[in-house]
Number of protein chains: 2
Amino acid sequence: MNYRDAILTAAAGVFAQHGFRGSTTRRIADAAGVNEITIFRQFGSKEALIRAAMQHLTESAGLATLPEIPADPERELTEWSESFIQHLRLRSSIIRKSMSEIEERPEMCEFASDVPRRASNDLCLYLTALKRQGRVTEKFEPKSAAAMLMGAIFGDAMGREMMPDVYPQPKEKAAQMYAQLLLRALGVENGTGKATNKQTKRSKQLSH
Amino acid sequence: MNYRDAILTAAAGVFAQHGFRGSTTRRIADAAGVNEITIFRQFGSKEALIRAAMQHLTESAGLATLPEIPADPERELTEWSESFIQHLRLRSSIIRKSMSEIEERPEMCEFASDVPRRASNDLCLYLTALKRQGRVTEKFEPKSAAAMLMGAIFGDAMGREMMPDVYPQPKEKAAQMYAQLLLRALGVENGTGKATNKQTKRSKQLSH
DNA sequence: TGTGTAAGTAAGTGACTACTTGCATTTCCC
DNA sequence: GGGAAATGCAAGTAGTCACTTACTTACACA
């Protein structure tokens, strides 16, 4: 039997709750149901274990994709935003812990920054394609717009736990609201809908 | 002589760099140029000291204000955003560390969440006032819009250090870009000009 | 001169930490 | 059934941590 995966999973869980310094080898061993020594025999050191756990996590993370050629921006961007905000929410603890390690263990953040980096790049490409299609009435920089949507999603995923009253309710609709706000900032016409029923559709979606 | 303030300042600095567990009383004492025992005599315990340091920080934080009655939305919102992003950037380390303590020391986050909570409330009131003035052509929820701008600013302030290539350049213009994108999402006219008649009608029809 | 207060020095306590060593046990594959 | 690899157990090492005790120094003020 090989406890490697159990240890990696336990390490990720303990790290998410207690951070690097709080992730004692004893705690991880207990969480994995394994003798503390097994950790050192398998991974050599606590630092190597945590690094392996982080890498294991980012490798197993599947990201939603945006089409190369936008067809229905509102639908596509909403779905992507919902998938992304859900991803971040499920990992909010570990993301907070990783971010707080920048000063002391910058290498560890390389792994953590991989997912948002790819997501940002995808989103940027999508917005650029939208622009090239001429479906945008406002001038904008794709990078700024992408950073804005990603920031809104990120802030919601990180902060709602701490200050639930600050963010839109219900939380399941938040991603959609951010996506729609962004599209309006860019002046994007709704892909499938007509201009005449645009407002009706929006007010329906925005009211609760 | 009373070393209280020196210790508080040193504690905040050490905490910002090393987090709670990494903030050893020895490190703090060294940073303050003080004997370790003085810390315990002044504050009783490490936890009480860190808590006092956090409180001291949030109390000394001055926030930019938004006018109760919007006059020049683009200028006002840009200036507010710039002031807010600068505030967050100067404190990004300590904010990251505080956020990562939610699981283990939730009381500490009460202090940290005070500033963004007030900022969000101010922004929300401002956007509501804009809406009531009828200078907005799109229907929107102030809370969602506020969360979006705050999130964009927050994400920029937290993430740029880790992934500078993801965010708009130069960083001094970022806040302005986010503010402008938001105003366009709400359909607010540029500068001091008012909305056109047609748009005003539309917004009146759509508002409840 | 005497007293109170803030600070320092030195030494130590008990608990915890990452990590090691030596040896016994289980499990798996051939 | 045997050998090798993985795992467990017990004990220990050297270091760090928050915090304490007991005593001393410096200074302000009356």
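Fair warning: this is a prediction, and the values are worked out from it, not measured in the lab. Below, read A as the first sequence line, B as the second, and so on, with proteins coming before strands; counting in each chain starts at 1.
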To the nearest Å, give me how far apart [atom1] ([X]) and [atom2] ([N]) are.
X	N	atom1	atom2	answer
B/Asp30	C/dG8	CG	C1'	14 Å
B/Tyr3	D/dC27	OH	P	11 Å
A/Phe43	D/dA6	CZ	C1'	13 Å

Practice task
Please work out which of the three classes, parallel, tilted or perpendicular, describes the rings of A/Phe154 and B/Phe154, given edges at 30° and 60°.
Solution key: parallel

Exercise for the section: Using side chain to side chain donor-acceptor pair (under 3.5 Å) as the criterion, list what pairs up with B/Arg105, not counting sequence neighbours. Expected result: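 Counting only residues at least two positions away or on another chain, B/Arg105 forms a side chain to side chain donor-acceptor pair (under 3.5 Å) with B/Glu101.
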
Problem - Pair A/Lys171 + A/Asp156: basic N to acidic O under 4.0 Å - result: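 Judged by the 4.0 Å cut-off on N to carboxylate O distance, A/Lys171 and A/Asp156 do not form a salt bridge.
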
Handout entry: Test: B/Asp30 and B/Arg26 ion pair at under 4.0 Å
Key = no

Practice task
Kindly indicate whether a cation-pi arrangement holds for A/Lys173 with A/Tyr178, taking the cut-offs as under 6.0 Å to the six-membered ring centre and within 45° of the axis.
Solution key: no

Practice task
Quick one: list whatever passes ring pair (Phe, Tyr, Trp, His ring centres under 6.0 Å) with A/Tyr167, sequence neighbours left out.
Solution key: none

Problem - Under 4.0 Å protein heavy-atom contact, by nucleotide of nucleotides 16-22 of chain C - B base, S sugar-phosphate only - result: -SSBBB-

Handout entry: Short side-chain N/O contact from A/Asn35 to OP1 or OP2 of D/dC9, under 4.0 Å
Key =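 A/Asn35 to D/dC9 OP1/OP2: side-chain N or O found under 4.0 Å.
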
